[in-house]
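Scroll down for the structure; my scribbles are underneath it.
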Amino acid sequence: MVNSILAPDARALSDERAAEPIIHHEPHGISDRFALGFTKLLRFSADTFFAKRYGHRAIVLETVAAVPGMVGAMFTHLRCLRWMRSDEGWIRTLMEEAENERMHLMTFIEIAKPTWFERMVILAVQGVFLVAFSILYLLSARTAHRVVGYFEEEAVTSYTLYLQEIDEGRSPNVPAPAIARHYWQMADDATLRDVVLLVRADEAHHRDVNHGFASTLGGTGHDARPIAPYPVHATELSVGA
């Protein structure tokens with residue numbers, strides 16, 4: 001059942017931070033292989049453009065990552081209206097994913113301080129990806145969700161490498177921005193490392209949910225392993241003065 005994919009596992013924050021959620025979905029069929037190949041191409045482009053500037057990489061990638069949830073929610077909403085049937089919880093899950101990725105973006109903007117050139121790159125990448133992903137979702141929602149699942153696999157890998165950069169002293173472990181402390185209900189002395197751990201846990205959750213959606217749409221069900229837990233975060237997003 002789709003609902004089993006959606007249920008978040010409410011674990012303690014310490015358990016979420018301790019997780020090392022490196023999981024790969026083996027591709028099956030042309031749709032999965034296309035999704036994986038497309039993701040690897042984008043990964044190569046990101047590695048070439050940003051190298052180890054993980055804060056700046058995160059800004060552009062989170063801009064892209066915030067698109068699929070909104071697109072998927074919109075098309076699912078319209079499809080359910082046309083066929084007058086239940087969405088089985090998909091719309092709310094996808095909207096939450098889009099909002100969560102947007103909060104990642106807002107957090108890393110505070111940390112990396114993008115240049116005007118990088119802001120222009122963000123606008124261009126988002127526009128191109130919005131159109132391309134919308135077309136893909138209309139043609140094959142299963143492939144679109146599989147693409148997102150592979151995107152999130154790469155995101156988990158990138159944030160794991162970011163953690164290594166911080167732990168080995170190549171990236172400063174600055175204080176967590178106020179917006180991050182509020183959203184994830186973090187302590188006042190939280191640091192960038194704490195933020196990256198929580199963002200990585202978010203991405204692991206989105207990875208498992210989207211792979212589950214793709215498998216459900218493909219008629220193969222979803223993996224028996226548990227969904228990565230979704231970290232506790234604030235229900236109100238406005239940051240107080």
Side-chain angles (χ1 to χ4, degrees), residues 35 38-75 93-138 143-163 165 171 174 176-180 182-184 192 195-207 209-210 213 230-231 233 237-239:
F38 180 60
T39 301
K40 291 298 183 183
L41 174 62
L42 292 184
R43 173 74 193 220
F44 174 78
S45 301
D47 288 344
T48 301
F49 189 81
F50 293 104
K52 293 188 176 182
R53 297 164 62 231
Y54 289 104
H56 293 80
R57 176 203 295 253
I59 289 174
V60 174
L61 296 185
E62 295 296 353
T63 302
V64 170
V67 170
M70 187 63 68
V71 170
M74 179 183 70
F75 285 126
T93 298
L94 292 169
M95 290 293 290
E96 173 65 20
E97 176 185 313
E99 177 186 78
N100 179 250
E101 299 287 10
R102 180 176 60 81
M103 294 306 293
H104 292 178
L105 172 65
M106 300 306 294
T107 296
F108 283 107
I109 283 177
E110 293 296 318
I111 292 169
K113 306 295 183 184
T115 64
W116 280 107
F117 173 73
E118 287 167 334
R119 289 175 182 271
M120 293 302 103
V121 170
I122 288 171
L123 289 175
V125 170
Q126 185 187 91
V128 171
F129 186 74
L130 173 62
V131 173
F133 190 81
S134 296
I135 293 172
L136 176 62
Y137 205 95
L138 286 171
T143 303
H145 282 293
R146 189 69 76 198
V147 165
V148 178
Y150 285 132
F151 275 9
E152 302 296 5
E153 287 185 17
E154 296 295 338
V156 169
T157 298
S158 292
Y159 285 117
T160 298
L161 293 173
Y162 197 179
L163 286 173
E165 292 288 306
S171 291
V174 299
I179 191 171
H182 177 77
Y183 181 68
W184 283 285
L192 172 59
V195 172
V196 174
L197 282 167
L198 289 173
V199 170
R200 185 179 68 173
D202 284 354
E203 306 295 12
H205 179 82
H206 300 322
R207 171 202 64 201
V209 168
N210 278 280
F213 282 167
Y230 196 55
H233 58 79
L237 302 183
S238 60
V239 179

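Numbering of residues begins at 1 and proceeds along the displayed sequence.
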Discussion item. To the nearest 0.5 Å, what is the distance between CD on E203 and CD on E153?
Written reply: 12.0 Å
Item to complete: Specify the closest pair of heavy atoms between S134 and F75, including all atoms of both residues, with the distance to one decimal.
Response: O-CE1, 3.9 Å
Practice prompt. Carefully, step by step, assess Y162 and V199 under the rule side chain to side chain contact (heavy atoms under 4.5 Å, CB included).
Written response: CA-CA 11 Å; Y162 197 179; V199 170; over 6 Å; no
Fill in: Nearest-0.5 Å distance, NE2 of residue H104 to CG of residue D202
3.5 Å
Worksheet entry | Pairwise side-chain contact, V125 with T63, heavy-atom cut-off 4.5 Å (strictly under) | no
Worksheet item: Is the number of heavy atoms from other residues, nucleotides or ligands within 6.0 Å of CE (M95) greater than 12?
Response: no
Fill in: Aromatic plane relationship, F213 with H145 - under 30° parallel, 30 to 60° tilted, over 60° perpendicular
perpendicular
Worksheet item: Taking C-beta and beyond as the side chain, do N100 and Y183 meet within less than 4.5 Å on heavy atoms?
Response: yes
Worksheet, complete the sentence: Rounding to 0.5 Å, atoms CD1 (I109) and CD (E62) come to a distance of 10.5 Å
Practice prompt. Over all heavy atoms of both residues, which pair between V195 and A180 is shortest? Give the atoms and the distance, please.
Written response: CG2-CB, 4.0 Å
Item to complete: First locate atom NE2 of H182, then atom OG1 of T107, and finally report the distance between them rounded to the nearest 0.5 Å.
Response: 11.0 Å
Worksheet, complete the sentence: Closest non-hydrogen atoms of V148 and P68, given as atom of the first, atom of the second and distance, are CG2-CB, 3.5 Å
Item to complete: Would you check if V209 and T93 make a side-chain contact, meaning some heavy-atom pair closer than 4.5 Å?
Response: yes
Worksheet item: If we only count heavy atoms from C-beta on, is the V64 to F133 side-chain gap below 4.5 Å?
Response: no
Worksheet item: Do the ring planes of F151 and F129 sit parallel (below 30°), tilted (30 to 60°) or perpendicular (above 60°)?
Response: tilted
Response to the item:
In this structure, CD of E152 is separated from CD of E97 (nearest 0.5 Å) by 6.0 Å
Worksheet, complete the sentence: Y137 and A144 have their tightest heavy-atom pair at CD1-CB, 3.5 Å
Item to complete: Identify the heavy atoms of A73 and L94 that sit nearest to each other, and give their distance.
Response: N-CD1, 3.6 Å
Discussion item. Testing L163, I111, L197 one by one against L192 for a side chain to side chain contact (heavy atoms under 4.5 Å, CB included), which residue passes?
Written reply: I111
Worksheet, complete the sentence: Rounding to 0.5 Å, atoms CD (E99) and CD (E101) come to a distance of 11.0 Å
Fill in: Non-hydrogen atoms of A98 and A66 that approach each other most closely
CB-O, 3.7 Å
